[in-house]
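Computed from a predicted structure; not experimentally measured.
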Amino acid sequence: MLGTYAEAQGGALKAAFAGLQPFAERRIPPVAVLAARFPSLTEQQRAMPGSETAAAAEKPWWQRAVDRLTGLVSIRRVGSIDSASVEGKLEAAEAALRDGDLAAAVVALDGMTLIPALQDWRDQAQARLDLDAALDAHGVALRSHLAIH
């Protein structure tokens, strides 16, 4: 019904409604669901071969034992994050999600080779951002149309 009305009115309303159509048949998770899934995916990313965590398996037994003991205490950097390293990019994305900034979290992952599950998360997060932008554009067009009529 709304689509028929937008089609009949034309202009910005029709264009804004058309911008929503790519999302009509897709299931795009809410930001809260994306944020809740992210920590487990970053742990999987950290365990990827070639990462700092995966390299721990190549250490001698005594070094692994010391690492496990020191791993009982979680230490996080305070202040600036090294955005050039994989760990820094993951921390930046985590910090952005804690602040409720999904767009910054997606940008923080740019340039990384992501595991498939984290790449899927990034694609879903980008789809959420695109849908939110299309909804905002539709809302603006609808308010403008109603203000005129």
In sequence, state the C-alpha distance, the side-chain angles, and the governing distance for L41 and Q45, and then conclude on side chain to side chain contact (heavy atoms under 4.5 Å, CB included).
CA-CA 6 Å; L41 296 173; Q45 181 73 35; over 6 Å; no
In sequence, state the C-alpha distance, the side-chain angles, and the governing distance for L118 and L90, and then conclude on side chain to side chain contact (heavy atoms under 4.5 Å, CB included).
CA-CA 11 Å; L118 191 52; L90 292 174; 4.2 Å; yes
Is the closest side-chain heavy-atom distance between D136 and V140 below 4.5 Å?
no
Go through the steps for L109 and W121 under the test side chain to side chain contact (heavy atoms under 4.5 Å, CB included), then give the verdict.
CA-CA 11 Å; L109 300 177; W121 179 93; 3.8 Å; yes
Using the rule given for salt bridge (charged side-chain N to carboxylate O under 4.0 Å, His left out), can you reason through R37 versus E43, listing the C-alpha separation, both sets of side-chain angles and the distance that settles it, and then say yes or no?
CA-CA 11 Å; R37 286 184 38 220; E43 290 307 314; over 6 Å; no
Do the side chains of R46 and E91 get close enough for a salt bridge, i.e. N-O under 4.0 angstrom?
no
Are any non-hydrogen side-chain atoms of Q124 and R128 less than 4.5 angstrom apart?
no
Between K89 and M112 (side chain of the first, backbone of the second, donor and acceptor by atom type, cut-off under 3.5 Å), is there such a pair?
no
Nearest 0.5 Å, what's the CG-CZ distance between D120 and R122?
12.0 Å
Report yes if some heavy atom in the side chain of F17 is under 4.5 Å from a heavy atom in the side chain of L142; otherwise report no.
no
Closest non-hydrogen atom pair, A127 against F23
O-CE2, 3.8 Å
Return the minimal non-hydrogen interatomic distance between A105 and A96, and the atom names on each side.
N-CB, 3.5 Å
Of all the heavy-atom pairs spanning P29 and L34, show the shortest one and how long it is.
CG-CD2, 3.7 Å
Inter-residue atom distance L131.CG - L20.CG, 0.5 Å rounding:
7.0 Å
Should I28 and L135 be regarded as members of a common hydrophobic cluster, given that ILVMFWY residues are connected when their side-chain heavy atoms come within less than 4.5 Å of each other, either directly or indirectly?
yes
